[in-house]
Structure formats: structure tokens, C-alpha cells
2 protein chains.
Amino acid sequence: MTIKRVAIVGLGLLGGSVGLAISECLPGVATTGYDADPEVRRRAAERGLAGTVCDTPAEAVRDADLVLFCVPVGAMEAAARACAEALPPAAIVSDVGSSKASVGEALARALPGRRVIPAHPVAGTERSGPDAGFASLFRQRWCILTPPADADPAAVEALGQFWEALGARVEIMDAAHHDLVLAVTSHIPHLIAYTIVGTASDLEDVTRSEVIKYSAGGFRDFTRIAASDPTMWRDVFLSNRDAVLEMLGRFTEDLTALQRAIRRGDGEALFDLFARTRDIRRSILEQGQDDARPDFGRADHADR
Amino acid sequence: MTIKRVAIVGLGLLGGSVGLAISECLPGVATTGYDADPEVRRRAAERGLAGTVCDTPAEAVRDADLVLFCVPVGAMEAAARACAEALPPAAIVSDVGSSKASVGEALARALPGRRVIPAHPVAGTERSGPDAGFASLFRQRWCILTPPADADPAAVEALGQFWEALGARVEIMDAAHHDLVLAVTSHIPHLIAYTIVGTASDLEDVTRSEVIKYSAGGFRDFTRIAASDPTMWRDVFLSNRDAVLEMLGRFTEDLTALQRAIRRGDGEALFDLFARTRDIRRSILEQGQDDARPDFGRADHADR
């Protein structure tokens with residue numbers, strides 16, 4: 001099966017990047033787009049995030065071979081219901097949400113009998129909205145498909161090829177396993193970044209101005225992550241609750257052990273952990289999953 | 001008083017950057033350098049991290065107006081003792097350590113009656129060693145001086161001007177307050193980064209290879225920080241124990257509250273925090289303390 005027409009529902013960072021990536025990498029594929037916010041639709045049309053920006057979800061999906069829901073995971077079900085009647089029966093239905101078991105259930109409830117194949121491109125930035133997207137967002141990033149057990153292999157194949165055409169590498173796994181993996185590689189990192197930034201804002205003995213001035217000691221990295229879209233992240237934590245709580249339990253156990261080592265002056269335990277964690281960074285760089293330059297090649301050192 | 005000759009003891013990321021910054025910003029100032037590791041001395045001489053790289057600490061400090069200890073904070077006292085006899089009585093003694101109360105005490109013990117003015121340039125990268133330094137490291141970063149109550153104002157002034165000449169902005173504060181501020185803007189961020197990277201490495205139900213592949217979801221940012229020098233950071237936590245434990249207590253309280261919000265499905269509490277933390281990022285960018293481009297302007301998006 002061939003994908004010739006893609007409908008993008010939700011034109012923020014992810015939806016907009018999909019549209020731009022299609023026009024760059026798959027110029028023969030037509031795109032339609034819809035967003036519930038008229039201001040976002042206006043801006044999406046200006047930036048050309050989709051070939052046609054439609055005023056209703058039904059219009060956007062009417063002739064699509066692939067419908068991609070690019071809305072916060074808590075909004076997936078309502079967005080899918082709004083498209084249900086107009087959706088062509090043979091269309092592949094997918095999404096870009098950061099949790100997969102609950103999204104798979106929501107889409108299946110809203111669109112019974114349709115070809116639902118949930119997916120998650122592991123890519124993004126701290127920006128959001130129709131001005132945030134760019135065509136190269138998915139390049140060299142992984143896109144995880146979580147097809148249900150009875151999914152049509154041809155549809156899974158076509159969706160995988162679509163993401164590969166946008167520059168991504170594709171992996172297939174079980175939705176529950178996806179949710180556990182992403183809890184540790186994405187959800188818990190966001191949760192602790194939001195927490196420490198909140199803790200620092202609320203101190204009385206250290207002023208906000210001091211926190212900002214001396215943020216180059218490490219804190220500023222966390223503020224980038226904690227500037228991510230609040231609605232998207234609220235929905236991620238609510239929809240992936242069990243895996244997040246499980247991983248959070250392990251993290252706090254480990255943190256308590258380090259706290260004890262500091263209290264007891266156990267330098268050896270600290271050193272052992274700190275020496276061990278360098279290896280993972282090395283592997284991430286070797287596999288092209290981050291910028292190898294110090295400080296991510298940040299601009300303040302770019303002139304060196 | 002004028003600083004015409006600077007001795008740098010310890011030629012890693014910080015010491016090496018000081019030497020390179022002096023030769024770029026203060027070409028009239030002579031530098032001598034020493035490192036306990038002969039291999040580091042060899043490499044420092046090759047890179048020109050100091051005008052003269054000496055084979056003993058005594059030689060390095062003999063005619064210095066300013067001696068800067070750039071070693072892990074746990075090694076400060078021994079490094080200072082090794083220089084005590086050769087140190088000119090009028091020389092300013094300072095350092096670049098990340099905790100200040102304990103370093104101030106260590107230097108005062110090793111060099112009684114000398115002009116000790118502890119300092120901390122809040123700058124660095126995840127790299128370490130004699131190849132890691134670069135001249136622009138301190139540009140636009142803050143350097144905090146923590147002079148003891150009886151410090152000579154002329155010496156404090158001279159040290160401040162020295163750091164300003166290297167591109168830094170200078171602030172003066174009490175050592176105890178410094179240690180509290182840096183606990184939250186630097187030490188706790190490093191501790192939780194080391195912890196989550198350790199937690200992720202030790203999982204059984206998620207493989208190391210999965211953690212690496214899907215690190216672009218947020219985790220990779222933490223691995224950068226957790227690749228920092230293990231000896232340096234062990235010493236920071238041991239030397240700033242009380243402030244670190246105090247701030248860690250507040251962080252875990254806040255994390256527990258978020259955990260409860262997730263367990264109860266309290267989306268409002270999550271959204272409120274996540275929306276609030278964006279402001280601090282905005283202020284950090286406005287004050288030039290981080291790169292404003294998405295993802296710090298990382299190379300994988302540099303072609304957009």
C-alpha cells in the first residue's frame with residue numbers, strides 16, 4: 001500500500017515538523033492539516049506546515065491514506081471522535097504521542113474497527129506551537145511503532161517506511177514496554193527537571209535572581225527541559241502513571257542511597273557511581289544520539 | 001596592587017582555561033603552571049596552558065603575585081602545603097573550587113597568615129584534563145569571591161579585576177551563602193543527573209541499549225552532566241555536605257508531592273508547576289546565561 005495523502009491533526013511542534021519534513025522528503029505526498037485553534041491554523045497556513053490547512057477535522061481527513069494525530073495524549077480520543085465519520089475506512093490511523101498503551105486504547109475506542117497503529121517519534125525540543133516545527137526534527141532519531149497484535153502487516157510496513165522517509169529509524173515494540181522505556185529515558189527526566197526548577201523558585205534563603213545568575217553550574221540545563229509544553233507533559237504523566245511511578249520509585253531509592261553516602265562521608269560510593277555514568281554518555285555519542293562537543297556546542301563557547 | 005605573575009596549580013579544565021584566558025586577555029601577565037601528574041604537565045606545555053610549566057609546585061609559585069589552586073576541593077590543603085615554603089608573603093592566594101567554606105578553612109590551615117581569598121568562577125563543561133580548557137570559558141559567567149572578614153580590600157579588588165579581565169562578572173558573598181546557592185544551582189542538579197543515569201544503567205526490564213537509543217527524549221541531557229569529573233564531584237559533595245543535604249531534603253519533599261499528584265491523577269497540580277517553571281528559563285535567556293536556540297542549538301538541528 002502507498003501513502004499519497006497525509007492528514008495532520010494538531011499543528012504544533014510535532015505536527016508542524018511532520019508537515020515540513022514531508023514537503024522536504026516526500027514531495028509527491030499531499031498534506032492536509034487541521035488544528036482546533038484558529039490562530040494556529042492561520043500561522044500554519046502562513047508557514048506552509050501543510051499543503052492545505054482545513055477549517056474542520058472532517059475536511060482534513062476526508063481523502064487521507066494516513067491520519068496522524070499530533071495533539072497532547074489526553075486530547076487524542078476527542079480528536080479522533082471528531083474525525084470518525086469522515087475518515088476513509090482503509091486509512092491508517094496513527095499518532096506521535098509520548099505514551100502508547102493509553103493512546104492505543106483511546107484511539108481504538110474512538111475508531112472501532114479502523115487500522116490504528118500508534119507510534120512515537122522520540123524527538124522534540126523545549127519549544128511548542130506552530131512556529132516551533134522544522135523539517136529535520138526526525139533525522140537520525142528513533143520512531144517506535146506499537147502495533148496491536150492483530151494489526152495488518154502491510155499497514156505497519158507502510159507506516160515504518162513513511163517515518164524512514166522522514167529521516168527516522170524505526171523500531172517496533174509492545175506498547176507496555178514502550179511506556180516503561182520512555183518512563184526512564186524521557187518522563188522521569190522531565191519530572192525531576194520540573195521538580196528541581198520548582199524547588200529553586202520557591203526557596204527563601206536563596207533569591208530567584210541568584211538562581212538565575214549562577215545557573216551555569218548545571219541548573220540551566222534543567223530549565224530547558226522544564227520549559228516544555230505544560231499541557232503535553234501533564235497528559236504524559238496522567239496517561240503513563242504506572243510506569244512513571246514504578247521508575248520514580250527506583251530513582252528515589254537510588255537517590256536515598258546517595259544521600260546516605262554523603263551523610264556518612266562515603267567518598268568511595270560516590271566516586272564509583274560518578275565514574276560509572278560516563279560510559280553511557282560515550283555510547284550515546286558513538287550512536288549519534290547527541291552532539292559530541294562540550295556543552296552540546298552551546299553558542300557561548302562557539303567562538304573558541 | 002598589580003598582578004604581573006600568576007601561578008596556576010592544577011592544569012585541568014579550569015586551570016588550563018585560566019592560563020589560556022590570561023594569554024589572550026592579559027598578554028602582559030606571566031604565567032607559571034604545575035600539575036602533580038607528569039603527563040598533564042607534558043600536555044600543558046605542548047598546549048601552552050602556562051608560559052612556563054614547572055616540575056615542582058615551589059618553582060611555580062616562587063615569584064607569583066597570585067597563586068590559583070585549580071585542583072579538586074579535597075586536594076586543596078595538600079596542594080597549598082606543598083607550596084607554603086616557596087610562596088611569596090605578599091602573594092594573593094585563591095582557588096576555583098565549587099564549595100567555599102571548607103576550601104577557605106583548608107587554605108587558611110595550610111597557609112596561616114597569608115592573603116587567602118577563595119573564589120569560584122561558575123563555569124565549566126563536562127570535559128576534564130589538560131585538553132579540555134579554552135580561553136573563553138569565563139566570558140559572561142559569574143565569578144564569586146568569598147573573602148574572609150579580615151581580608152585586605154586592595155587584594156579583593158585586585159582579584160576581582162583579574163577575573164573581570166578574563167571576561168567574568170564578579171560578585172562578593174559570604175562563603176556559607178555561596179555554598180547554599182551553589183548547592184541548588186549546581187550540586188543538586190549534578191547529584192540527580194548522576195542518580196538517574198545510574199538508575200537507568202541498572203534496570204533489568206529496560207536494556208542499556210534501549211536507554212541509549214531513546215535518550216533523545218530528555219535523558220541525554222542528564223548524561224552530559226553525569227559525564228563530569230568523578231573526583232571533582234565526589235569532593236564537592238563531601239565538602240559541602242550540610243548545604244547539599246538541606247537542599248536535597250527540599251527537592252525530595254517537592255518530588256514526593258508530585259508523585260502524589262500523579263498517583264491521584266491531579267492534573268491541575270501538575271499543570272500549575274509545569275507552567276510556572278517556564279519563567280525561570282526566560283530570565284536565564286534574558287540575562288545571557290544560556291543559548292536561546294531550541295535544544296541549546298545542538299548540532300543535530302544546526303542545518304535547519
Side-chain angles (χ1 to χ4, degrees), chain A residues 122 125 127 134 136 141-142 181 184-186 189-190 192 194-195 197-200 206 210 212-223 225-227 230 233-234 237-238 241 250-251 254-255 262 267 270-271 273-275 277-278 280-281 283-284 289-291 294-299 304, chain B residues 122 125 127 134 136 141-142 181 184-186 189-190 192 194-195 197-200 206 210 212-223 225-227 230 233-234 237-238 241 250-251 254-255 262 267 270-271 273-275 277-278 280-281 283-284 289-291 294-299 304:
Chain A
V122 184
T125 77
R127 302 287 173 85
F134 51 96
S136 64
R141 295 285 84 84
W142 288 89
V181 173
V184 71
T185 62
S186 179
H190 276 79
I192 61 188
Y194 278 121
T195 305
V197 177
T199 304
V206 175
E210 287 175 321
I212 291 160
K213 278 163 83 171
Y214 309 119
S215 60
F219 182 73
R220 61 179 179 169
D221 286 34
F222 291 68
T223 64
I225 291 183
W233 282 99
R234 175 199 62 197
F237 293 115
L238 296 178
R241 188 174 71 166
R250 302 196 200 186
F251 168 76
D254 292 346
L255 189 61
I262 293 171
L270 298 174
F271 185 88
L273 173 67
F274 300 171
T277 49
R278 285 187 148 181
I280 281 215
R281 178 77 186 159
S283 306
I284 286 174
Q289 292 301 309
D290 207 348
D291 191 322
D295 255 337
F296 311 111
R298 270 184 173 112
R304 103 180 68 148
Chain B
V122 184
T125 77
R127 302 287 173 86
F134 51 96
S136 65
R141 295 284 84 85
W142 288 89
V181 172
V184 70
T185 62
S186 179
H190 276 79
I192 61 188
Y194 278 121
T195 305
V197 177
T199 304
V206 176
E210 288 174 323
I212 291 160
K213 278 164 83 169
Y214 310 119
S215 61
F219 182 74
R220 61 179 180 169
D221 287 33
F222 291 68
T223 64
I225 291 184
W233 283 99
R234 175 198 63 196
F237 294 115
L238 297 178
R241 188 175 70 167
R250 302 195 200 188
F251 169 76
D254 292 345
L255 189 61
I262 294 172
L270 298 175
F271 185 88
L273 173 68
F274 299 171
T277 49
R278 286 188 145 178
I280 281 214
R281 179 76 187 160
S283 305
I284 286 174
Q289 292 302 309
D290 207 346
D291 191 321
D295 255 337
F296 310 112
R298 270 184 174 111
R304 104 180 70 144

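Per chain, numbering begins at 1; letters A, B, ... match sequence-line order.
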Item checked: Gap between atom OG1 of A/T223 and atom CD of B/Q289 - 0.5 Å precision ->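 It is 11.0 Å, given to the nearest 0.5 Å.
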Please classify the contact of A/R127 with chain B as side chain, backbone, both or neither, using a heavy-atom distance under 4.5 Å.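 Side chain only.
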Residues B/T277 and A/A226: closest non-hydrogen pair is OG1-O, 2.9 Å
Residues passing the ring-ring contact (aromatic ring centres under 6.0 Å, His included) test with A/F237, sequence neighbours excluded, are A/W233, B/F274
task = Determine the interplanar angle of the A/Y214 and B/W142 rings, folded into 0 to 90°, and report it as parallel if under 30°, tilted if 30 to 60°, perpendicular if over 60°.
result =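 Judged by the thresholds at 30° and 60°, the geometry between A/Y214 and B/W142 is perpendicular.
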Would you say [X] and [Y] make side-chain contact, with heavy atoms under 4.5 Å?
X: B/F296; Y: A/D291; value: no
X: A/T185; Y: B/S215; value: no
X: B/P189; Y: A/R220; value: no

Between B/R281, B/H190, B/R234, B/R241, which shows the greatest number of heavy-atom pairs under 4.5 Å with chain A?
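Most pairs with chain A among the choices: B/R281.
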Pair count under 4.5 Å, heavy atoms only, with chain A: among B/V122, B/L273, B/I262, highest is B/I262
| said: Does either side chain, that of B/T125 or that of A/D295, offer a donor lying less than 3.5 Å from an acceptor on the other one? | reply: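 Result is no, nothing qualifies.
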Of the listed A/D254, A/V197, A/D221, A/V184, the one with the largest count of heavy-atom pairs under 4.5 Å with chain B is A/D221
(Q) Heavy-atom cut-off 4.5 Å, strictly under: side chain, backbone, both or neither for B/I225 against chain A? (A)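 Side chain only.
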So, the part of B/F222 with a heavy atom under 4.5 Å from chain A: the answer is side chain
Contacts of B/R250 meeting salt bridge (charged side-chain N to carboxylate O under 4.0 Å, His left out) (sequence neighbours excluded), chain-then-number -> A/D205, B/E246
